[in-house]
Amino acid sequence: MKISLANSYVTDNSNECESGCFFVLTKSNAKFKESAQSNGAKIISVDECKKLLGIDENIKIIGITGTNGKTTTAWAIYETLMQLGYKSALSGTCGAFLHSKRIDAKSLTTSPVLQTLEYLKQANEFGCKYFVMEVSSHAIDQDRVEGLKFAIKIFTNLTQDHLDYHKSMQEYAKVKSKFLSDDSLKLINIDDEGGIEFNPINSYTYSLKKDSDFASLKYDLKDGIKALMKTPKGEFELASSLQGEFNLYNLTAAIGAILLLEDVKIPSLKEAIYKFKGVAGRMEVVSQKPLVIVDFAHTPDGMQKVLNALRHLNLIVIFGAGGDRDRTKRPKMGKIAQQYAKISIVTSDNPRSEEPETIIDEICAGMNMNNTVVLESDRKKAIKLGLDLLDKDDTLVILGKGDEDYQEINGVKHHFSDKETVLELLKI
């Protein structure tokens with residue numbers, strides 16, 4: 001990509017280089033350095049690029065990493081900071097936002113470093129104090145966050161995902177640990193048993209089950225979230241309309257991060273966090289009658305947490321699994337769905353280059369195949385079937401895609417939205 005300057009531009013692509021331009025050198029494009037130079041580019045570092053773009057070193061970058069919870073934690077921090085009066089920006093799974101205005105559509109969870117610098121440039125020009133970003137394991141491994149100085153790094157959890165890329169949980173944990181190995185300010189979920197290691201210097205902890213710096217040890221999840229949190233700045237009475245223990249973890253992390261970064265009064269923070277109503281596609285209620293919930297959960301742990309939070313309801317669950325990704329999680333997802341659901345409808349997710357029926361068969365390998373399991377590879381038909389099967393007191397839960405508005409089939413992204421499909425079928 002290119003970022004325009006007054007009389008030139010900066011790029012991370014050697015093919016775009018010409019005399020007088022700047023080529024920002026990263027570990028991922030280092031092999032193209034000579035090509036960029038031969039095309040007439042001046043080679044600069046990420047730090048030099050930040051200065052060239054006029055990015056203020058005082059803008060505070062908040063990075064959230066972990067298998068699950070990155071998006072909700074990032075949004076909780078971002079929206080709460082804005083409620084408290086701090087201009088803020090965000091980059092992650094849902095896209096890039098500048099103080100509530102979307103400036104870029106969603107793509108990668110963590111953008112290449114030059115794209116992130118472009119977002120930081122816009123945030124800096126707008127006067128933002130904070131830039132909140134999701135940091136994926138792929139981005140850490142591919143050095144997409146190199147040269148960025150984080151005001152705080154947050155670790156949410158480590159559960160099975162991305163083993164098509166990392167090959168083992170040990171390798172996955174090693175990559176996450178790399179991000180947490182420096183002496184920057186850190187906030188770590190110590191209830192997690194994912195095997196990550198972190199530098200104890202400047203590290204704070206949060207938990208629901210152990211004593212920690214930010215501990216929500218007493219809580220009630222029957223109707224939203226009510227919790228009494230211990231913090232270094234005193235007790236915090238948390239109240240939220242969000243559902244489930246996993247969201248209590250997300251909010252605990254958000255509150256902890258803000259209290260570590262700002263001298264904010266607890267009553268003001270309590271009011272601001274209460275106003276946060278969640279993220280599109282994350283436990284999103286798209287219909288009240290019948291009750292239909294859409295969520296992005298696409299890992300065994302993610303499914304477990306969502307369905308456990310809804311276990312007091314009669315559930316019909318629709319789900320699938322992505323193609324060309326970790327195949328070992330598929331039967332585990334099937335087993336978890338059947339554990340909680342009155343009826344499990346197994347369908348297609350983003351099959352990519354795989355046959356949907358093959359993915360469904362691998363999911364079903366973890367299930368007891370009886371009349372509580374229904375197979376329908378057409379996702380729209382599966383959603384219609386789920387709606388038709390609902391009794392008066394049932395809840396339909398559609399998992400895997402959240403707010404995605406496409407299905408990827410054989411390299412082509414076709415428009416498809418679970419939420420839009422539900423509203424269309426219900427004629428809402």
For Tyr340, is the NZ or CZ atom of Arg311 found under 6.0 angstrom from the centre of its six-membered ring and inside 45 degrees of the ring axis? no

Can you find a heavy atom in the side chain of Thr395 that is under 4.5 Å from one in the side chain of Ile316? no

Assign the ring pair Phe97 / Trp75 to parallel, tilted or perpendicular, where the plane angle (0 to 90°) is split at 30° and 60°. perpendicular

Is the shortest side-chain heavy-atom distance between Glu284 and Ile293 below 4.5 Å? no

Looking at Lys129, I'd like to know if its NZ atom is crowded, meaning that more than 12 non-hydrogen atoms belonging to other residues, nucleotides or ligands lie closer than 6.0 Å. yes

Output yes when a side-chain donor or acceptor of Asp213 lies under 3.5 Å from a complementary backbone atom of Thr205, and no otherwise. yes

Test item: Ile64 and Met133 side chains (from C-beta on) under 4.5 Å apart, heavy atoms: no

Cationic tip of Lys87 above Phe126 ring, under 6.0 Å, 45° of axis: yes

Could you give the distance from CD (Glu118) to CD1 (Ile103), rounded to the nearest 0.5 Å? 7.5 Å

In terms of ring plane angle, is the pair Phe150 and Phe179 parallel, tilted or perpendicular, where the classes change at 30° and 60°? perpendicular

Stacked cation flag Lys277 on Tyr274, 6.0 angstrom / 45 deg: yes

So, does Asp191 use its side chain to make a donor-acceptor pair with the main chain of Lys209 at under 3.5 Å? yes

With sequence neighbours left out, what residues match Asp56 under side-chain hydrogen bond (donor to acceptor under 3.5 Å, both in side chains)? Asn58

When you measure from the centre of the six-membered ring of Tyr406, is the NZ or CZ of Lys401 closer than 6.0 Å and no more than 45° off the axis? yes

Without hydrogens or angle criteria, can the side chains of Asn29 and Thr26 be said to hold a donor-acceptor pair below 3.5 Å? yes

Go through Leu399 and Val317 one step at a time and tell me if the side chain to side chain contact (heavy atoms under 4.5 Å, CB included) criterion holds. CA-CA 7 Å; Leu399 300 177; Val317 178; 3.9 Å; yes

